[in-house]
Amino acid sequence: MPKDGGIGASTRRREDVRFLTGNGHYTDDINLRGQAYVHFLRSDVAHGRLRSVDTSAAEAMPGVLRIFTGKDFEAVGGVPCGWQVTDRFGQPMQEPKHPVLAHGKVRHVGDPIAAVVAETREQARDAAEAIELDIEELPAVVDMKAALKDGAPKVHDELTSNLCYDWGFVEENKSAVDEAFAKAAHVTTLELVNNRLIANPMEPRVAVGDYNRSTGDSTLYTTSQNPHVIRLLMGAFVLGIPEHKLRVVAPDVGGGFGSKIFHYAEEAFCTFAAKALNRPVKWTSSRSEAFMSDAHGRDHVTKIELALDKDNNFTAIRTETYANMGAYLSTFAPSVPTWLHGTLMAGNYKTPHIYVNVKAVFTNTVPVDAYRGAGRPEATYQLERVIDKAAHELGVDPIALRRQNFITEFPYATPVAVEYDTGDYHATMDKLEEIADLKGFAARRKESEARGRLRGLGINCYIEACGIAPSNLVGQLGARAGLYESATVRVNATGGLVVMTGSHSHGQGHETSFAQVISEMIGIDADMVEIVHGDTANTPMGMGTYGSRSLAVGGSAMVRATEKIINKAKKIAAHLMEAAEGDIELKDGRFSVAGTDKSVAWGDVTLAAYVPHNYPLADLEPGLEETAFYDPANFTYPAGAYACEVEVDPDTGRVTIERFAAADDFGNVVNPMIVSGQVHGGIGQGIGQALLEACAYDENGQLLTGSYMDYAMPRAADVPFYRVDHSCQTPCTHNPLGVKGCGEAGAIGSPPAVVNAVIDALQSGGHDIAHIDMPLSPSRVWQAMQG
Amino acid sequence: MPEVTMTVNGKHVKGQIEGRTLLVDFIRENLGLTGTHVGCDTSQCGACVVHVDGKAVKACTMFAAEAEGAEVRTIESMAEPDGTLHPIQAAFREHHGLQCGFCTPGMVMSAAALLAENPTPTEAEIRDYLEGNICRCTGYHNIVKAILAASGQDVSRIAAE
């Protein structure tokens with residue numbers, strides 16, 4: 001039984017009280033004295049040449065302070081991209097400038113053209129309507145394959161084509177893979193679409209820029225998952241403000257799911273305009289604006305082939321993917337279809353030969369970047385779908401086919417450049433079979449059929465790479481950043497602690513779970529530990545929260561800093577008790593001398609550190625504050641097995657999720673309640689992708705799903721209660737907590753389970769259907785059933 | 001500018017507004033009650049749900065002027081003055097019915113309206129009632145569980161945490 005408040009306890013979250021009582025402090029809750037408001041006039045055409053932007057009438061409108069256009073930003077940098085991918089031929093990707101406000105051309109619906117700053121939000125909006133635009137509309141490219149054809153309109157005139165890069169991985173393996181296919185006893189091929197999604201955290205983005213004329217310092221309050229990254233990108237690459245003159249604060253943030261990792265033009269604008277006008281400038285995105293300005297996710301078109309030998313062993317995988325970049329390269333966009341996707345194509349299986357080809361394409365659409373899972377859901381989906389299709393073609397049980405090909409020995413070096421440190425895929429599959437009650441499926445199917453419904457069971461596995469990432473490795477792969485994490489632990493004189501972490505919580509509950517770790521290490525009450533995050537002014541340089549990295553990397557930094565604290569505290573305790581340092585033990589918040597009854601309390605030692613009257617001043621500095629930076633040695637590899645049961649109404653094609661189970665291996669778990677909640681949320685999003693969500697453009701690049709009227713978000717009635725389990729634990733071997741990360745698993749593991757279940761249901765009804773692309777809306781399913 | 005008067009959380013309030021000022025903007029900007037959130041502009045997400053004359057209302061669907069003389073209740077009034085959480089708030093905390101917290105005030109206000117109408121709703125009734133409240137974090141599992149628990153029903157058999 002874990003100690004209440006320690007590692008392994010489902011401690012109730014300390015964050016909840018403020019959120020439940022309306023006392024959360026989100027960016028839109030910030031209003032500064034003298035604040036003005038900005039409204040962005042955005043392009044309503046997907047592609048066009050800006051002939052003129054006439055702001056004269058608008059400038060005369062009430063309350064208008066100034067109207068900015070692209071010209072005002074010609075002298076500053078573009079919004080930078082943080083990852084440079086090298087193509088198959090050794091050449092760097094094509095990387096166009098992403099201006100803060102469009103000049104010359106507009107390249108997607110939503111591209112900001114002008115920014116009106118006024119005394120009130122309404123005045124800014126009214127004046128924006130009075131700006132006269134003259135745009136020569138150009139043909140737009142939306143479909144990726146069409147965008148690569150000779151003569152296709154170019155999104156960026158200065159580039160050679162719309163191809164950002166053509167990436168092969170591992171290029172040297174290609175001939176061996178082709179050879180394995182030539183020798184295969186069976187090849188299963190599947191073409192599929194990983195549907196374009198919009199992250200849709202419930203809090204829209206907000207930015208408030210502030211400039212202090214007396215100090216010359218700029219402050220940006222923003223809805224970000226990583227304030228230090230924003231400070232570096234915006235300061236160094238866009239506005240030319242050194243870090244010591246720029247503070248970025250991300251207070252309570254209402255969800256991110258990747259979409260709040262990136263540095264956005266609106267952040268740079270508000271910071272720039274606050275200085276130009278010497279007034280705070282605030283922008284609050286409407287939801288409609290979010291649909292055309294937040295980075296979108298997924299949008300891959302893939303052909304995957306799986307080769308098997310005569311005994312149904314997987315011998316090779318070959319994939320060709322078109323990945324949509326949108327009109328500009330968002331912060332981490334190039335890395336998503338490459339290093340976060342190609343490296344995961346081995347999945348949970350010992351396939352000896354793998355080759356992944358990815359063509360990243362510019363189109364006249366909103367930029368596409370990481371969304372919960374980022375590349376790993378795309379890898380998992382195609383792999384787990386093609387395995388199910390192979391099982392069907394070969395007439396074998398899909399679970400047995402998977403089990404036969406599981407990796408069972410660790411560490412395991414895949415043919416796609418990563419090394420899994422630990423895992424037990426049979427264990428999670430065994431657990432899944434139990435919690436999903438697979439034995440009872442046949443009876444449940446019979447019962448459904450008696451009611452005129454088709455019932456299907458879908459199973460899949462997943463693996464992901466989390467705990468991003470070893471800096472030297474990602475540097476070789478093109479990252480323009482390190483991916484360590486940081487923590488400063490400050491112990492106060494009376495014994496309480498403040499942990500200042502570079503990680504950022506936007507729903508994950510770090511304030512609770514991080515405090516549990518400290519409580520366990522020192523043996524003090526978790527209430528004595530405060531977790532501070534989200535402000536570059538009081539946290540060490542850190543890379544923030546995404547890629548399920550906070551506990552694995554940020555938590556590890558915190559552990560390392562706390563170890564330094566404990567080591568120093570032991571020296572002080574040894575002095576106080578006149579004992580040898582090596583004999584000092586720390587347990588339950590007391591330091592004792594081994595083999596004696598001598599002890600001092602934690603608070604005695606912390607007080608001595610700050611009131612050093614009886615203190616080894618010749619050997620030890622006073623105070624008790626330590627910082628650690630932790631750079632992981634490897635990724636972590638959470639894995640698991642998921643099961644979904646659906647019913648399909650044969651008259652309407654409507655799919656309902658009847659049961660959903662997830663057996664995950666996250667290594668060690670600090671707060672099981674929070675971990676389950678993360679999996680629930682991921683599954684909800686995965687069901688959304690599989691059944692409901694699609695970001696759609698028409699052929700002219702008009703966004704058809706521009707609001708919640710058109711973009712189907714999962715509602716409570718679209719999902720069941722889930723059964724989740726994380727008792728299968730193979731601890732990570734290379735971080736001090738043995739944790740792997742749990743934030744993305746649900747979104748990675750669930751879409752193939754849902755689709756496999758629907759295909760199974762349809763096949764059980766005698767329909768010869770091999771695949772339907774997501775989302776499996778009633779119309780798509782019904783049409784497939786009509787042959 | 002026209003003036004509007006209403007009672008919010010038991011206090012008589014008034015303010016200058018434009019005709020187009022939404023109730024939610026009056027609550028947030030004029031009164032500084034920032035617990036009520038704005039998550040969309042098409043009245044779908046439910047982050048702005050408040051009670052107007054005892055009924056759950058999306059505060060973005062109503063002009064402030066339309067609330068003239070009304071009795072409005074927001075999330076800030078749900079807990080006791082001494083900080084004791086309302087049973088629905090307590091159930092959300094106990095069952096981890098929130099993560100980022102942004103949809104939470106609207107969820108709590110909707111749940112309160114549901115339980116006032118239907119003190120012991122079934123799982124299906126809860127899910128249907130929440131049609132107008134979108135949560136992106138929780139997959140709804142723990143929200144539905146929390147509302148069942150707040151209504152005094154046994155949730156021990158619902159899939160474990």
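Here is the naming used below: chain letters follow the sequence lines, and residue numbers restart at 1 for every chain.
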Quiz item: Measuring heavy-atom distances to chain A, does Ala79(B) have an atom under 4.5 Å in its side chain, in its backbone, in both, or in neither?
Solution: side chain
Quiz item: Between OH of Tyr722(A) and CD1 of Ile158(B), what distance do you get to the nearest 0.5 Å?
Solution: 13.0 Å
Quiz item: Can you check whether Asp41(B)'s main-chain N or O pairs, donor with acceptor, with Arg287(A)'s side chain at less than 3.5 Å?
Solution: no
Quiz prompt | Check: Gly684(A) main-chain N/O paired with Tyr140(B) side-chain donor or acceptor under 3.5 Å | solution = no
Exercise. Check whether Ser288(A) gets within reach of chain B through its side chain, its backbone, both or neither, counting any heavy atom under 4.5 Å.
Key: both
Quiz item: Between the side chains of Glu15(A) and Gln99(B), is a donor N or O closer than 3.5 angstrom to an acceptor N or O?
Solution: no
Quiz prompt | Segment of Thr138(B) engaging chain A (4.5 angstrom heavy-atom cut-off) | solution = backbone
Quiz item: His141(B) vs His680(A) aromatic rings, parallel, tilted or perpendicular, using cut-offs 30° and 60°?
Solution: parallel
Exercise. Report the distance from atom NE2 of His96(B) to atom CG of Asp16(A), rounding to the nearest 0.5 Å.
Key: 7.5 Å
Quiz item: Is there a donor-acceptor contact under 3.5 Å from the side chain of Arg136(B) to the main chain of Pro201(A)?
Solution: no
Quiz prompt | Engaged part of Glu29(B) at the chain A interface, taking heavy atoms whose separation is under 4.5 Å | solution = side chain
Exercise. Identify whether the distance between the nearest side-chain nitrogen and carboxylate oxygen of Asp718(A) and Arg127(B) falls below 4.0 Å.
Key: no
